[in-house]
Every structure is written in C-alpha cells, then in structure tokens.
2 protein chains.
Amino acid sequence: MNSPRPDARPATPAPLGPAGANLAALRDHNTAVVLGLLRDAGPDGASRAELAARTGLTPQAVSKIGARLRAAGLATDAGRRASTGGKPPTLLRLVPDAAHAVGLHLDRDAMTATLVDLSGAEVATRTAPLAFGAGAEAVLDEVAALLDGFLPATTVLGVGVAVPGPLDHREGVLRKVTGFPQWDGYPLRDALAGRLGVPVIVDKDTNAAALGLLPRGGASSFAYLHLGTGLGAGLVLGGAVRRGERTGAGEFGHQVLQLDGPLCACGSRGCIEALCLGAVADGDMGRAARLLGVGAANLVRLLDIDLVLLGGRTVLADPAPFETGVAAVVGGSARVEVAGARSVVEGAAELVLARVFG
Amino acid sequence: MNSPRPDARPATPAPLGPAGANLAALRDHNTAVVLGLLRDAGPDGASRAELAARTGLTPQAVSKIGARLRAAGLATDAGRRASTGGKPPTLLRLVPDAAHAVGLHLDRDAMTATLVDLSGAEVATRTAPLAFGAGAEAVLDEVAALLDGFLPATTVLGVGVAVPGPLDHREGVLRKVTGFPQWDGYPLRDALAGRLGVPVIVDKDTNAAALGLLPRGGASSFAYLHLGTGLGAGLVLGGAVRRGERTGAGEFGHQVLQLDGPLCACGSRGCIEALCLGAVADGDMGRAARLLGVGAANLVRLLDIDLVLLGGRTVLADPAPFETGVAAVVGGSARVEVAGARSVVEGAAELVLARVFG
DNA sequence: TGCACTTTCGCAACACCGTTGCCAAAGTGG
DNA sequence: CCACTTTGGCAACGGTGTTGCGAAAGTGCA
C-alpha cells in the first residue's frame, strides 16, 4: 500500500538554531494549553474565568479560544456552576469523542493495541501474541492484522508505538535492540505510517510508560522504574520526558551500585540490573526491592524528584514487597507507588495525545 | 538603605497552571532568540537572512526585530560580508557595552565579584576574603563593600549570586547550608536586592558553574562535577539547568556506589563523596578520579549526555589525573574536560544574562 | 420588594505581532 | 552590457490577544 502519508514533514523546514515563534505558533500554543486544562477539568468542565486565571490570558482571549474549539467540535458547553456572588459561570468541557489516539505496545512475546478517546479513556483494546524476533516485515504484518478494523475512519490522530530497547525517537528508527539484531536500523515509524496511513510516533517502552503516568496536574517530575526481563527507567523532569541526546536516557539498569560487584555484560562491575535480577532469580524479592530502592534513592537525590513509580512484570507479579522495600530505602524524601499493568500501552497512546495538549 | 527595589514582582501574577502566551511574550521570546544568535555570532555579526534561516522567522520579521534592537542600542550595523552571487549581506552585531551583569561567588572563605558585558566578556574582577560563617548581615556588609563603586551607574541588569549548599532558587532563600545554620531561611535575594537596588538572582554554585559552561551553540546537555570541600554536580539537560522541584537536583555526592561501603553522615553507606574524599585524603588522586569516573559514567548512561566537565579546588590543583582517570572509566560515550577556575563566578553573571538571551 | 454590588462573558474597536507582496540595491556571471 | 541572484526595506495585511464597555444573572442587605 502506497497511500499518501498525511504525516509528511511540515512544509517549512525546522530552523537550524533556537526557534522563533509566529502568530500561528502562539495560537497553537494557547489552544493546546486551554485544551490541556479542559482535559484536566474532566467531564465537569471549567469556566472561562477559571481558564483565564490559570493561563494568565485575559478572559476575552479565553472566550475566543473557546469559540474556536467549539467550532472545531473539540469543546462544548457544559451547563453552569453555582454562583459565588455574581453571574454563574458558563462551563466549557472537552468532547472526548472528537478525536482518538491508538497506543501500540510491542513487547518481546506479545503486543497490545488500545484505542483511547481525547480524554485518554479506553475505548477498545486488543492483544495478540507476537514473535518480535521474527523480523520487521513479519511483525508489521501482524500489527496490520491486529489493527485491521480497529481505527475509526476519521478521528484518529495517530498511532503511538512503544518498543523495547534503544531507538532514535526523532526519526523513529530502531537501534540495536538487545537480542534482536534484525531490527537494527529499521525505520519503524515511516514503515508503519506508510502502511496505516496515519502519523506514527515511536518511543521506548519505559518513556511511553512514564509519559502515560504523568499525573494530570500533579507531580511534574518523577521516575518510572520498569523491572521485567531487564531493568530500565523512564524519566519525567519538569513535565517532559527526558529522552537525552540520542533517546538513550533512562538506562538505569547499568548504574553501578557495587564497585567490586559481579561483572556485567556491559563491561562494568556491580550494575544494578545484574544485582537486582540476581536477587529475583534467587527468589529473594526483598533483596531485589532493597537494591532497587538504593538505585531509586540515587535518582531521587540526583534529580530532586518526589515520586517513584514501579512497574514491569516482575514487580506486578508481586507488588507488595517492592513497594514497601523501595519505600523503606528511599525514605520520606519521595513517594513510592506501583503503576498499573496498562502503563505502557496507555503511555503509547499518550505519545499522540501529548501533541494536542499543552 | 531602603531605596525602592526595581526588581519588584511583575504586575501580573504568575498563572497557576501552564502559562499562556500573549503578543508581548511572543515579541520578547523572538527578541531574546535573535539576541542569543547575535551573541553566538560574536563581533563579526550575522546577516538578517542568516538569522531568519536559523530562527525560522521571515527575513522581514528579523528586520523589524533588528530595528528594535538598534533603536534600543543593543545591536548595531557591522559592515557587510562578501557577496555569494547577490547583494552582499548587511551584518548585525551585538553592542557588548550596552548592558552589564555582575557575578558574585560567595564561597566558605572567599568571595569573588566579576563584571561582564553583554557578550559575557570580563570587564573587571574583585576578590576578598570572607567569613561565610560570620552571619548574614556581616556578609552582606562585606559584599556591599566589595561592590562599592563596582557597578556601572545605568547599564547593570542585575547581580547573579552563587552560594554553596541548598537553597530555594525561586525565592532566593538559603536552606540549611551544611555547617552554617545561621543562614537557614535567610532571604538572601531580597536582602541583597534591597541593599544594591538592582535585581538579584541566587543559585547553587554548581548550577551557576554549569550554566556558565553551557557552550554557546554546542552540547546542550552535560554534567559539571565539582570536587572541593564536598562533591556536587550541576546538570544541564536540553540547554537548561535542571534544578529540580526544590533546587535540590545535582546532589551527586550522596550517590551510593558501594552498597556495603563506609557509613556516611547522610545515613547511607558507600556515598561517592565519602569514598572520593577519602581517596583525596589518602593522597591517591588516581583512585579518587576512578571513583569520580564511575559516578560520571552512571550520569552519562542515565541521562544520555555526551560531555562531563570537572571543576573545584581539588581537581584544579592537579587536573591531569582527574581528566585522564575519569575519561578512562567513562570510555568513549562522553567527552571529559576540566573547566576553568572562573566557572562559578562567570556562571553567576550568566544567571543574569540568561534572562536576556534565548 | 428593591437596589447596590459582584461576577461572568460577549461585542466592538484597537494595538501590535509576524507575513505577504513588491521593489530597490548591489553584487556575480556570461 | 544585461540577465540573474541575493539581500533587505516599505507598505499593506491578516490575525492574535487586549482594552473598553455593557449586558446578563446571580447574591446580599435594607
């Protein structure tokens, strides 16, 4: 299928230096900010005066933005709230059905696709086994089959894909996924966009999970630690996922915790992944949790974050010892919680939605 | 002295939520971006067409911004460059003397003040001994004496202050500086701004140094490791200093590197600061460098940065073993360099200048 | 019941941003 | 000498958020 790709690069090339902004960018920014606040407000909606106070814009500007959103079908009136001594506020509310996003999680042995609406609520989910090692074309066939009839005709903004291992987020190209050399250099984003005919965004599974867990309006900096077949992290700093210069940030597994520890495949000694997985292999989840806790405490201190979220198969199989064990080491300086199993695939969808909101 | 403070809070209060932007913000942003490019271009200047290409703005917009800058005295014509087949470009250049910034480094036993022009070039520097433990009022007297007659009458944008230890960057209030309880909670920013009559910005010494080392147009993410009486770090991620939720980011000294290592005052075992300073106390700089290297390698992997800069008295007293020792452990994944002795005070001035440029 | 006040929001006019259209200036290259 | 390229300014324009003003719709007190 060679249908024209709607996600073609923007006509104006990206500037080489720090970007200037024009009126269109200004409008888009403010629109996204207001949309974000509307999403945070939920089905109850928010008044124009409220939005004005939160954004720093004048109420009049918010009114105009609201009118544009209503004309585009993205927002609608939602009745009014009780008066506080004056005219009761007219509420504006997001229209969740106005657009949808697809999250796709490709794991080593399974894949999950979820369709969410503009509010992030799940509409439908499909799961299928997957042989990630079968090669790119075979996997793409499987993905196309899974998504067949899954995408609404007109309201899909795009597909966010979460994959394990290193990749180039900007270009959507995979790099040396451990154990799967056949994927090295494969342009997953462009290939999938060509097949599906919608924009595609690719990111590491841990980054996607971190983005999906970004609490609406809550802590804007936290770390998501994923303990499964490996140990990785997704970092959200100041409300944005920290991907690093080469989308390599969050390589938490090879943080050295024991100078004279066992030799790791990466060449260092005492990597937290080797130590932690060793404890898991011994069935000693308490020790694994304490090791994870030491690494988490390092993160908390280094980055001054106040929330640590735990996920991954090993954690989810028996969350309690990890939650208490990590929290014990981290102490009072940060909260420790266990994230849900849907974190990754929800975050994959969020890769798409994040471009709509502020 | 109770002169009116020109750094009073902006008339419009900061928005509670994500900020919207208006036309004034748009103009200021673009102006700052162009000014930043002019600074990067140096005394040779840059053509309007060049600036347009780099910013993504139209040449006409750049022309208007340039006209405003010339009217404000911040930029001026700088002749023309050779033709490349058409009309030769008219060059625009920063006027370094148009404004100045002061950097002030308060250390435990000494203080340094430097006056820099808009281009960041040093104009004058003064140094004096300081008893940081003598208390806030006494130190402020010393600072006022040091800066007496040092500030140009009209062109000073502000004073950037770099201090050791924890503080609240947003409010400019010091917090529990190790060994100096008399400073806890002292509103250094407001007190100094009241005395000097110019805006004041306060930050941790390591953050200031990192900001000052941000290579113009070069690597936008790096770590600055400062080994002196303690061990700290300043993190620049994506072109901005990472300060954390409570300006506590960069607490590198208490990263645990040795699970069963010696007990540290912070309560953990095997903190890199204790290990590293122990090696320094033994006179074993090679070991200290390797320990620093393990911590640096952890940073490089975790944050995906490609530059590590070393500074602080211990490093500067004998840079060679640290540069080679850290580089040996970090390997090829990141460059390792030693920063100059003026990093902190230059960075303090940069705290002020950074608000002018993009 | 009446009236002053508060709060919210929209209409209209406005100021100002970057953009577009156009043209002059000033080089290169055949 | 002339066609072409490249640069940059002038003028008009479209569209952004802002300001001024007034209407709507409540509360609260006399």
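Letters A, B, ... are given to chains in the order of the sequence lines, protein chains preceding strands, and every chain is numbered from 1.
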By the side-chain hydrogen bond (donor to acceptor under 3.5 Å, both in side chains) test, which pairs, at least two apart or in different chains, include something from residues 69-88 of chain B? B:E50-B:R81, B:R70-B:D77
Go through it in stages, so that I can follow the logic: the residues are B:T247 and B:D203, the test is side chain to side chain contact (heavy atoms under 4.5 Å, CB included), and I'd like the CA-CA distance, side-chain angles, deciding distance and then a yes or no. CA-CA 8 Å; B:T247 327; B:D203 207 340; 4.1 Å; yes
Quick check on DNA chain D: between B:L91 and A:R27, whose nearest nucleotide comes earlier from the 5' end? B:L91
Could you check if a side-chain atom of B:I201 sits within less than 4.5 angstrom of a side-chain atom of B:R355, using non-hydrogen atoms only? yes
What does nucleotides 21-30 of chain D look like as a protein-contact string, B for base, S for sugar-phosphate only, - for none, at under 4.0 angstrom between heavy atoms? ---BBBS---
Is B:S63 near enough to D:dG8 that one of its side-chain N or O atoms lies under 4.0 angstrom from OP1 or OP2? no
Mapping A:A21 and A:A49 to their closest nucleotides on DNA chain C, which lands nearer the 5' end? A:A49
Any side-chain N or O of B:N22 less than 4.0 Å from the OP1 or OP2 oxygen of D:dT16? no
Are the side chain of A:K204 and the backbone of A:A249 linked by a donor-acceptor contact shorter than 3.5 Å? yes
Length of the CG-C1' vector between B:L23 and D:dG15, whole Å: 9 Å
Given A:L118, which of A:V95, A:L74, A:D97 fulfils the side-chain contact (heavy atoms from CB on, under 4.5 Å) condition? A:L74
CG (B:L35) and CG (B:L51) are apart, to the nearest 0.5 Å, by 10.0 Å
Donor-acceptor pair, distance only, cut-off 3.5 Å: does the side chain of B:R189 make one with the backbone of B:R170? yes
Would you say D:dG17 has OP1 or OP2 under 4.0 Å from some side-chain N or O of A:N30? yes
To the nearest angstrom, how far is A:R81 atom CZ from C:dT8 atom P? 10 Å
Provide, to the nearest angstrom, the distance between the NE2 atom belonging to B:H29 and the C1' atom belonging to C:dG18. 13 Å
Got a sec? Which of residues 65-78 of chain B come in under 4.0 Å of DNA chain C, heavy atoms? B:I65, B:R68
Of all the choices, D:dT16, C:dT20, D:dT19, which nucleotide is nearest to the side chain of A:T58 once you look at every atom? D:dT19
The single option from B:T90, B:L57, B:V34 passing side-chain contact (heavy atoms from CB on, under 4.5 Å) against B:R48: B:T90
Strictly below 4.0 Å: does B:R48 bring a side-chain N or O up to OP1 or OP2 of D:dT7? no
On the side chain of A:Q60, is there an atom forming a donor-acceptor pair with the base of C:dC9 - under 3.5 Å, no angle test? no
Without decimals, in angstroms, what is the distance between A:K64 NZ and C:dC11 C1'? 10 Å
Is any side-chain heavy atom of B:V116 less than 4.5 Å from a side-chain heavy atom of B:E350? no
In this structure, how many angstroms lie between the P atom of C:dA15 and the CG atom of A:L26, rounded? 19 Å
